[in-house]
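Below: the structure, in structure tokens.
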Amino acid sequence: MGSFSIWHWLIVLLIVVMVFGTKKLKNMGSDLGGAVKGFKDGMKEGGQSPADDKDAPAGQVSHAQAADKATIDVEAKQKS
């Protein structure tokens with residue numbers, strides 16, 4: 001009475017598949033996997049030490065970003 005048997009879980013799984021359908025469950029599984037992968041990649045990028053980022057000092061634009069002619073540099077002004 002304290003825990004569910006395997007038959008209870010199989011019935012619950014059958015009901016979930018009947019309600020949502022296999023295609024929707026497959027899409028939810030792939031979305032969840034992509035989110036976990038993105039989280040892991042973000043954790044790897046966030047773990048870099050400051051010595052690893054010597055290419056462009058903080059507050060300066062690298063040459064590759066400055067060469068982009070499609071961007072416009074503007075200053076935001078407050079309304080008075």
Side-chain angles (χ1 to χ4, degrees):
M1 198 175 191
S3 66
F4 293 107
S5 69
I6 188 71
W7 294 110
H8 289 109
W9 289 115
L10 288 175
I11 292 171
V12 168
L13 179 65
L14 179 67
I15 292 171
V16 167
V17 169
M18 288 174 53
V19 169
F20 292 108
T22 57
K23 185 176 180 181
K24 189 165 189 162
L25 290 175
K26 180 183 174 187
N27 290 341
M28 288 185 346
S30 63
D31 290 344
L32 180 64
V36 170
K37 183 178 179 183
F39 178 76
K40 286 182 180 179
D41 291 343
M43 292 300 291
K44 287 180 184 177
E45 291 174 4
Q48 293 179 351
S49 65
D52 292 342
D53 192 20
K54 292 183 179 179
D55 295 336
Q60 293 184 0
V61 178
S62 67
H63 178 67
Q65 291 174 344
D68 188 13
K69 302 293 183 190
T71 58
I72 301 172
D73 188 18
V74 296
E75 291 184 19
K77 296 183 180 179
Q78 293 180 340
K79 290 184 177 181
S80 53

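Just so you know, residue 1 is the first one in the sequence shown, and it goes up from there. Excluded from the calculations below are hydrogen atoms, water molecules and symmetry mates; all remaining heavy atoms, backbone and side chain alike, are included.
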Practice task
Identify whether Val17 and Leu14 are in the same connected component of the hydrophobic contact network (ILVMFWY, side-chain heavy atoms under 4.5 Å).
Solution key: no
Practice task
Taking the side chain as every heavy atom from C-beta outward, state whether Leu32 and Met28 have any atom pair closer than 4.5 Å.
Solution key: no
Practice task
Could you tell me whether the side chain of Ile15 reaches within less than 4.5 Å of the side chain of Ile11, counting heavy atoms only?
Solution key: yes
